[in-house]
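What you see is a predicted model, and the numbers here were worked out from it, not measured in a lab. Numbered from 1 within each chain, the chains take letters A, B, ... in sequence-line order. Atom set for the values below is all heavy atoms of this structure, side chains included, hydrogens, waters and symmetry mates excluded.
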There are 2 protein chains.
Amino acid sequence: MKRKLTLKSIAKEMDVSISTVSKALRDSPEISEETREKIKAYAKLYNYKPNNIALSLKNRKTNTIGVIIPQIVHHFFTTVIRGIEAEARENNYNVIICLSNNDFDKEVLNMELLANGSTDGFILSVSKETMQKEDYHHLNEVIEQGMPVVMFDRVVEGIPCDRVLINDTQGAKKGVTHMIRSGCRKIGIITSEDYVSVGRLRTEGYLDAHDDFGIEVDENRILKLDNIDDLDESAKKRIKTFIENNDLDGLFTVNELFAVYAARVIAKAGKTVPDDISIVCFTDGELSEHMMPSITAVSQHGEEMGRKAASILINKLERPEDETEEYGTSYIETSLIERESTRKLNR
Amino acid sequence: MKRKLTLKSIAKEMDVSISTVSKALRDSPEISEETREKIKAYAKLYNYKPNNIALSLKNRKTNTIGVIIPQIVHHFFTTVIRGIEAEARENNYNVIICLSNNDFDKEVLNMELLANGSTDGFILSVSKETMQKEDYHHLNEVIEQGMPVVMFDRVVEGIPCDRVLINDTQGAKKGVTHMIRSGCRKIGIITSEDYVSVGRLRTEGYLDAHDDFGIEVDENRILKLDNIDDLDESAKKRIKTFIENNDLDGLFTVNELFAVYAARVIAKAGKTVPDDISIVCFTDGELSEHMMPSITAVSQHGEEMGRKAASILINKLERPEDETEEYGTSYIETSLIERESTRKLNR
DNA sequence: TTGTAAGCGTTATCAT
DNA sequence: ATGATAACGCTTACAA
């Protein structure tokens with residue numbers, strides 16, 4: 001096992017001082033052409049790479065972005081990460097990903113961990129539990145210490161940080177409007193309780209769309225589940241009775257899983273999609289794409305979102321501290337991906 | 001913005017030396033009860049946390065595991081990560097995840113980056129491109145430098161490291177055997193070219209199962225695609241003609257995506273699953289669970305795999321260096337999850 | 001019981 | 001043109 005090369009070991013080997021080596025490798029004009037080339041050749045030969053940890057300590061800068069997300073399972077988060085990574089790499093930043101599993105304690109733990117020297121800033125989507133508790137001390141703490149934070153997707157109010165959101169309301173509105181235009185008049189929605197921001201906003205979009213067409217909304221056609229991340233038994237049961245007890249001709253769901261399960265219930269009831277009932281879901285993932293019939297979806301453009309979040313964060317990090325602190329909210333537009341679960345519009 | 005507390009700042013504030021603070025916080029008996037309590041109280045009040053970077057540099061140990069995987073998109077990798085994280089946390093290790101996107105250069109880059117002080121060891125599944133190139137210099141390099149490596153799922157031979165595999169051959173055999181037992185005699189397989197280890201092994205299992213029952217295998221019933229990670233247009237086309245040109249009564253695929261697309265082709269051809277043709281796929285993910293009909297799958301037990309890989313790695317990391325180096329391969333058993341795409345067996 | 005100093009691997013400043 | 005030294009934040013012999 002050969003030990004990793006350090007400036008020290010190179011210096012010793014070549015019989016010069018550590019600082020000479022350092023300068024030579026950084027192409028300092030202080031060092032003579034000759035020694036410079038000699039040292040660089042040696043370093044290259046033995047594949048010297050500076051120790052990142054030492055650099056971080058020295059520079060008080062890690063060039064690393066910490067990403068904290070509830071669950072990686074979701075295709076959406078995957079695409080966001082891809083965007084973050086791409087943007088980060090282009091700007092010479094690294095990315096550390098931590099999963100909170102929708103668990104408040106884990107979110108806090110991860111942040112504290114990364115905040116202790118491992119990252120320069122954070123990109124996060126807060127966990128469901130955190131939203132319920134409304135305890136944001138961990139966020140405020142890192143911000144107090146000068147680490148910028150960018151929240152995306154699941155954001156909370158009252159924190160001094162930037163935000164990147166998809167236009168949830170508008171996205172839902174697009175989806176529901178599409179169904180109304182195609183003739184649906186009894187559209188149901190499966191969404192989350194209002195404390196989850198994305199659920200609340202998407203419900204709003206659903207209402208807006210109806211409003212625009214002057215269609216009255218039947219409260220019975222709104223199903224609010226408390227767990228929007230998985231499809232557990234209780235959710236299944238509630239979706240089943242919801243579908244069975246409502247004579248719907250359209251259904252909007254805030255995620256793929258609900259749509260897929262609803263499709264199953266609908267099929268069992270002997271109805272067909274989209275002839276008897278249309279379906280549109282939020283999030284464009286693998287499920288909606290591959291189901292039979294495939295499901296029309298509101299695409300969240302996760303990659304773009306990730307890029308945006310990273311670019312905002314990096315900007316803050318590179319900027320001299322003294323500039324006036326201003327926080328903004330950026331919106332990423334959604335787009336409707338028409339598939340087999342909705343009727344074609346005549347335009 | 002309050003600057004983060006350091007030993008130095010505490011020392012200054014409390015008018016003692018840095019080492020006194022350090023010792024007090026680490027409960028050294030050298031320090032008097034009184035000062036110790038005083039210092040600890042102060043640290044607690046102002047929420048002192050040691051700087052990880054400094055600790056890493058000092059200890060030449062980061063307590064961090066680097067995980068490098070081709071794509072996080074796959075539900076399987078998600079579960080593996082969960083396992084790694086769980087095991088790591090229990091042993092006081094952190095996890096850094098990097099995606100290679102199946103790209104050789106990115107795999108190399110990520111490893112070099114993390115190897116320069118950020119991690120103590122690696123857990124990785126090598127990218128497709130790396131397998132094709134058969135260029136493993138980056139792996140050998142980090143191992144040379146004394147960083148242990150554990151490969152999982154997609155492994156290559158000839159590298160001095162531990163391996164965690166699922167029993168691919170046996171898993172495929174289980175799936176195919178199940179179909180044979182249920183009466184299928186013309187079973188096709190959609191797999192990968194042999195240079196992807198998992199594809200090769202699963203093809204073997206397919207052959208083994210036939211062998212056991214003395215059924216001859218028709219070469220035409222084996223479709224080897226080169227990209228096993230996505231379902232691109234060329235793959236779709238080849239699957240389509242494969243299904244159409246073979247009169248199959250059973251189909252085994254090495255991933256979910258292929259099974260799902262095949263199901264679509266089968267449905268279009270007017271055949272039904274499982275009455276006309278049974279389907280079993282490798283990997284137990286969201287797709288196979290939610291499709292209609294749901295697809296019988298060989299579950300890979302990713303979480304267990306992740307735990308195992310992490311535990312092996314941590315073990316190596318904690319063990320005194322001088323012990324004899326021995327590398328082993330652990331196998332994770334698969335299990336068959338029966339769903340709607342196969343006929344029930346009478347037992 | 002407390003403090004001093006060296007060292008982890010770098011870089012930057014200031015000698016020589 | 002080259003080298004010594006201090007510093008980043010921490011731990012730990014070793015002195016006092």
Side-chain angles (χ1 to χ4, degrees), chain A residues 2-40 42-43 46-64 113-120 145-146, chain B residues 3-40 42-43 46-64 112-120 145-146:
Chain A
K2 27 171 226 239
R3 275 240 61 68
K4 227 173 147 34
L5 244 54
T6 65
L7 292 184
K8 200 180 184 179
S9 69
I10 297 179
K12 199 158 138 199
E13 199 62 41
M14 311 212 37
D15 230 29
V16 290
S17 76
I18 295 179
S19 52
T20 303
V21 179
S22 173
K23 284 170 187 164
L25 292 178
R26 322 194 89 235
D27 271 328
S28 161
E30 283 183 37
I31 307 297
S32 74
E33 178 86 30
E34 201 199 327
T35 25
R36 213 193 312 161
E37 288 312 321
K38 219 169 53 189
I39 291 175
K40 285 175 79 171
Y42 183 93
Y46 292 106
N47 195 25
Y48 168 79
K49 294 271 165 52
N51 181 313
N52 290 327
I53 295 283
L55 284 178
S56 296
L57 185 60
K58 181 89 181 83
N59 304 331
R60 276 111 136 282
K61 175 111 170 60
T62 61
N63 262 261
T64 299
L113 191 93
L114 296 184
N116 294 325
S118 305
T119 52
D120 297 334
Q145 285 167 14
Chain B
R3 275 240 61 68
K4 229 176 145 34
L5 242 53
T6 65
L7 291 185
K8 200 179 183 180
S9 69
I10 298 179
K12 199 158 138 197
E13 198 63 41
M14 310 210 40
D15 229 28
V16 290
S17 78
I18 296 178
S19 61
T20 302
V21 179
S22 173
K23 286 170 186 163
L25 293 178
R26 322 192 86 238
D27 270 327
S28 161
E30 284 182 34
I31 306 298
S32 74
E33 178 86 30
E34 201 196 327
T35 27
R36 212 192 316 160
E37 289 310 323
K38 219 169 52 188
I39 291 174
K40 286 177 79 170
Y42 182 94
Y46 292 106
N47 194 28
Y48 169 78
K49 295 271 163 51
N51 181 314
N52 290 327
I53 295 284
L55 282 177
S56 295
L57 186 59
K58 179 87 184 96
N59 302 331
R60 273 112 137 281
K61 177 110 170 59
T62 61
N63 262 261
T64 299
E112 288 187 343
L113 191 94
L114 296 185
N116 293 326
S118 307
T119 51
D120 297 334
Q145 286 166 13

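- Atom OG1 of B:Thr64 is separated from atom CG of B:Leu114 by 9.5 Å, given to the nearest 0.5 angstrom.
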Exercise. When you look at B:Lys40 and B:Asp27, which way does the side chain to side chain contact (heavy atoms under 4.5 Å, CB included) test go after all the steps?
Worked result: CA-CA 9 Å; B:Lys40 286 177 79 170; B:Asp27 270 327; 2.8 Å; yes
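- When rounded to the nearest whole Å, the span between CD of A:Glu33 and P of D:dT2 equals 11 Å.
- In this structure, the side chain of B:Ser22 does not engage the main chain of B:Ile18 through any donor-acceptor pair within 3.5 Å.
- Following rounding to the nearest Å, A:Ile39 (CD1) and D:dA1 (C1') show an atom-to-atom distance of 11 Å.
- Across A:Ala43 and A:Leu25, no two heavy atoms sit closer than the pair CB-CD2, 3.6 Å.
- Sorted by first and then second residue, the pairs that involve residues 7-23 of chain B and meet salt bridge (charged side-chain N to carboxylate O under 4.0 Å, His left out), not counting sequence neighbours, are B:Lys23-B:Glu30.
- Smallest separation of non-hydrogen atoms from A:Pro50 and B:Asn116: O-CB, 3.6 Å.
- Atom CZ of B:Arg60 and atom OG1 of B:Thr62 lie 13.0 Å apart (nearest 0.5 Å).
- Considering every non-hydrogen atom in both A:Ile31 and A:Thr20, the closest pair reads CD1-CG2, 3.9 Å.
- In this structure, A:Ile39 and A:Ala24 approach most closely via the heavy-atom pair CD1-CB, 3.7 Å.
- Rounded to 10°, the angle separating the first-five-pair axis and the last-five-pair axis of the helix from C:dT1-D:dA16 to C:dT16-D:dA1 equals 70°.
- With hydrogens and angles disregarded, a donor-acceptor distance shorter than 3.5 Å links the side chain of A:Asn51 to the backbone of A:Ile53.
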For this session: Could you please spell out the steps behind the side chain to side chain contact (heavy atoms under 4.5 Å, CB included) verdict for B:Leu5 and B:Ile10?
Result: CA-CA 7 Å; B:Leu5 242 53; B:Ile10 298 179; 4.0 Å; yes
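- For B:Tyr48 and B:Glu30, each mapped to the nucleotide of DNA chain D holding its nearest heavy atom, the one lying further toward the 5' end belongs to B:Tyr48.
- Using a 4.0 Å cutoff on non-hydrogen atoms, the parts of residues 50-64 of chain A near DNA chain D are A:Leu57, A:Lys58, A:Arg60, ordered by number.
- Applying the salt bridge (charged side-chain N to carboxylate O under 4.0 Å, His left out) criterion to B:Glu112, with sequence neighbours excluded, gives A:Lys49.
- Of the residues in residues 13-28 of chain A, A:Val16, A:Ser17, A:Ser19, A:Thr20, A:Lys23 come within less than 4.0 Å of DNA chain D through at least one heavy atom, sorted by number.
- Going from atom CG of A:Asn63 over to atom CG of A:Asn52 covers 9.5 Å, rounded to the nearest 0.5 Å.
- Nucleotides of DNA chain C that come within less than 4.0 Å of any heavy atom of chain B span, from the 5' end to the 3' end, C:dT1 to C:dG9.
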